Asker: 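There's a structure below that I have some questions on.
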Amino acid sequence: MNHRFLSIVGLAAAMAFTGGCSVNKQTKATSAVEPVTGKPAPVVAEPPVWAPQNHAFNPSKTRLHDLLHTKLRVSFDWDKQYMHGLAELTLKPYFYPQRQLVLDAKGFDIHSVNLMQDDAEAKELQYTYDGMKLTIDLGKSYTRDDKYTLEIDYTAKPNELAVGGSDAITQDKGLYFINPKGEEPNKPRQIWTQGETEANSAWFPTIDSPNERMTQEIYITVDQKYTTLSNGTFIYSRKNANGTKTDYWKMEQPHAPYLAMMAIGEYAVVKDKWRDLEVDYYVEPAYEKNARKIFGNTPEMLEFFSKRLGMDYPWSKYSQVVVRDFVSGAMENTSASTFMEDLQLNERELLDKNWDGIIAHELFHHWFGNYVTTESWANLPLNEAFANYSEFLWTEHKYGADEAALHHLDELGQYLEEANTKREPLIRYRYADREDMFDSHSYAKGGRVLHMLRKYVGDEAFFASLNRYLTKNKFSDVEVAELRMAFEDTTGEDLMWFFDQWFMRAGHPELKVSHTYQNGALKLQVWQQQDTLYQPVYRLPLKVAIWENGKKTEHAIEITKANQVFTLPASTEPQLVLFDSEQQLLGTVEHTKTTGELVFQFKNAKALALRLGALEELGQELGQQEMATLLQGALKDNFWAIRNLALDVAGRLPAKHTESLEPIVQRMAESDKKGEVRAGAIMLLSEWGEDEYTDLYKAAMRDSSYKVAAAGILSYAMTEAPDINQRLAAFEKETNEEIVLALASYYAVKGGPGKYDWFMKQMKGAKGSGLYYLLQSYGAFMAVNPEAYKPEAISMLSEMAQNHPMYFVRMAAFQTLMVHSERPEIIDLLKEIRANEKDKRLLELYNQVSL
């Protein structure tokens, strides 16, 4: 499961309601006077805001029955958004004899439950049903040697379920009808499912737990115009007399119930191949020509991961399907991954963006998550940390060390951002809600921890250990101890210390480092400053690099104490000392360096994080003229992220120091090979206020890159040229998000009431993060143009605020309505929206608003 698309919510969402937030809240101490003695009471420290929460213990599900096979026959009522199902479940008791079976079955109408008998008619069984659990009296006691098959006739009504969800998976009703009546223009009719965590039991009765495994067959009856997709192998399609067809999909390898799927729609199916394996891409017909450019690296990924793990992709096919209004970024359903519609890119969009990360993530799950599955949601990082780390592995292989390092920095930033308010163990049995596991701990921190493990044991041992883990635990469920034992059995080393501090304990090291040189020796002092009431004193093996006379020497050290001093040989005063020279550590490091050392670090360090960090810090400390000189080289760096940061730093310099940089920035704006850098250079020129670049802005608006065209639009708008409205009007039919948001930024303030219709049209067609940001601009537009307060707009915002499937869009619509919170009817509407909202994340924000 991938949830990266939700990063837009973050701090900005909370700040929209609270006016800001405190990150690094300090621990406070309170004291009182004892009433009898008059002596001061003991000082009691309040726990930090991020302190781990002590919720009830969540064990893995006890297995009373073993679900062996599921056979489903399904058809659909589009108007009512119902699914009629006939399920045949084959089970046996797990160990102890059983007379009763309890199935997860959410929101069904149960028509009948029968025991299937080989030589006799089906026997009707007695059952009770509370809307969530189906409890069946089996009629007799069965032992673990006895198999039995039940037939359950039912109707699934997913829209009648209470809505739940998480940051990663915004809804949990299992079965979704998209544009079911065909009333939404420019949106296809689709049906798709989403099972994680325990939502597939909203469309078929099952034992909905990750430590269960089953084989399956699904017969899907739909109109003949629709294409279907499910797990496993496509067996046949049969035309029916009533104009429908029935497609038969068979899954012969066992997998967890949450990984079962269906997708139904009018798709173009683009055929590809890896070795002798069928690889297909299901996209809307408009994107058929681009499908190979979007998903085309999949065969190479299959080869790379199979060789890296020493284990071939283990399933019968691999398909990837794009659906509308998906409730997550993507989902790794076995042999048939589902992706959000954002992956469907046109030719120009593909110049600036690829989705290799999310594609690799879902594919890697087919080893880590599908082939070997976490036994409980408490052990979710055994799925998600590996899928997260696959993004680094693929990027390193395909695009090089710097791109991989940049990805790694982003992951570290995501975790540290979350750690301001939340620090939990990676493996956590004490969670309030299983959905809470889908956070930047399980994903970003987990991936970084695996990287540290790889660096510690070495590449050969790391991948040999993964092969052992996969081989030993195939088609089974696991907990973290089994991963540890695979590494120990491979390396011969007791790794309990590593797994205890990184998987089982909360937090991260917060280090302060200093160094001094005297008499041929370098003294390196390291303090572990983290609050050890909640976090461990870490054991940290890492490397320190020392430069003397232009020569680099690396030393391996191991930190084991809260305050530790290391003495390292050095024949002369070092030019630079680099702590954690490989930049593999998950944590924070405060290491003060001189300006000269930082300049040397930027010019000589190999790790991207060290170069970016030095350049950022120099931007605050280096003299302005010296910075301008350094930037002349940085703006020409081989790696685009360095050039991008250099543009940002250049933008902070006074005009008198930018004359030498301006010609370089102009060349970058005209010809840098990276669209994002060209766009940044154009924006910097416009910030410098150079009207002489008007022709460059006009050219940028014609650039093949949407990012550059959007920068051209914004930059030309800043010139306030008399033809600006005419030039911008030429882009009003564009649907690309970059272009739409650029126009919206200008129209919000300068567009005038005449742009009301444009905003309305764009908001009706926008989706996901684009709609979120567009609503922000529309709020500003409404504030500037009271004429925009129209029943149509208020009705649309109300509908979004109450019914949009993505919670952050509902939040943005609520915010936009607040622009007119002085109106009594809007106050009443906001109160109604708040009263009807079920999402605890939004309620927490809404309840901070005085209405």
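Computed from a predicted structure; not experimentally measured. Along the sequence shown, residues carry numbers from 1.
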Asker: Between T246 and T221, is the side-chain hydrogen bond (donor to acceptor under 3.5 Å, both in side chains) condition met? List the steps.
Answerer: CA-CA 4 Å; T246 299; T221 298; 2.8 Å; yes
Asker: Side chains of N200 and W203: donor-acceptor distance under 3.5 Å anywhere?
Answerer: yes
Asker: Between W367 (side chain) and M311 (backbone), is there a donor-acceptor pair under 3.5 Å?
Answerer: yes
Asker: Looking at every heavy atom in both L382 and F368, which two are closest together, and how far apart are they?
Answerer: O-CB, 4.0 Å
Asker: Any donor-acceptor pair under 3.5 Å linking the side-chain atoms of Q253 with those of W315?
Answerer: no
Asker: Does a side-chain N-to-carboxylate-O contact under 4.0 Å join R275 and E303?
Answerer: yes
Asker: Shortest non-hydrogen contact from V279 to T298?
Answerer: CG1-CG2, 4.1 Å
Asker: Are the charged groups of D247 and K245 less than 4.0 angstrom apart, N to O?
Answerer: yes
Asker: In a check of salt bridge (Lys or Arg N to Asp or Glu O under 4.0 Å) between E278 and each of K271, K273, K317, which one passes?
Answerer: K271
Asker: Taking S442 for the side chain and M437 for the main chain, is one N or O donor matched with an acceptor at less than 3.5 Å?
Answerer: yes
Asker: Taking the basic N atoms (NZ, or NE/NH1/NH2) and the acidic carboxylate oxygens, is any pair closer than 4.0 Å for R434 and E198?
Answerer: yes
Asker: Run the side chain to side chain contact (heavy atoms under 4.5 Å, CB included) test on V322 and E284 for me, step by step, so that the C-alpha distance in whole Å, both residues' side-chain angles and the decisive distance to 0.1 Å come before the verdict.
Answerer: CA-CA 8 Å; V322 179; E284 293 173 29; 5.6 Å; no
Asker: Any cation-pi pair here, R144 with F95, using under 6.0 Å and within 45°?
Answerer: yes
Asker: Quick check: do T215 and E252 have side-chain heavy atoms less than 4.5 Å from each other?
Answerer: no
Asker: In Å, rounded to the nearest 0.5 Å, how long is the span from CG of L450 to CG of L466?
Answerer: 8.0 Å
Asker: Given 3.5 Å as the limit, does a donor-acceptor pair link the side chain of T374 with the main chain of N379, or not?
Answerer: yes
Asker: I'd like to know whether the aromatic ring centres of H366 and Y313 sit less than 6.0 Å apart in this structure.
Answerer: yes
Asker: Under 4.0 Å between a side-chain nitrogen and a carboxylate oxygen: does that hold for D109 and K157?
Answerer: yes
Asker: Closer than 3.5 angstrom, by distance alone: can the side chain of Y142 be matched with the main-chain N or O of Q100 as a donor-acceptor pair?
Answerer: no
Asker: Is the backbone of Y226 close enough, under 3.5 Å, to the side chain of D223 for a donor and an acceptor to pair up by distance?
Answerer: no
Asker: Looking only at heavy atoms, what is the nearest atom pair of V809 and G768, with distance?
Answerer: CG2-O, 3.9 Å
Asker: Which heavy atom in R213 sits nearest to a heavy atom in Y371, and how many Å separate them?
Answerer: NH2-O, 3.5 Å
Asker: Decide yes or no on salt bridge (Lys or Arg N to Asp or Glu O under 4.0 Å) for E375 and K61, but give the supporting numbers first.
Answerer: CA-CA 8 Å; E375 72 167 14; K61 187 167 185 174; over 6 Å; no
Asker: Under 4.0 Å between a side-chain nitrogen and a carboxylate oxygen: does that hold for E88 and R73?
Answerer: yes
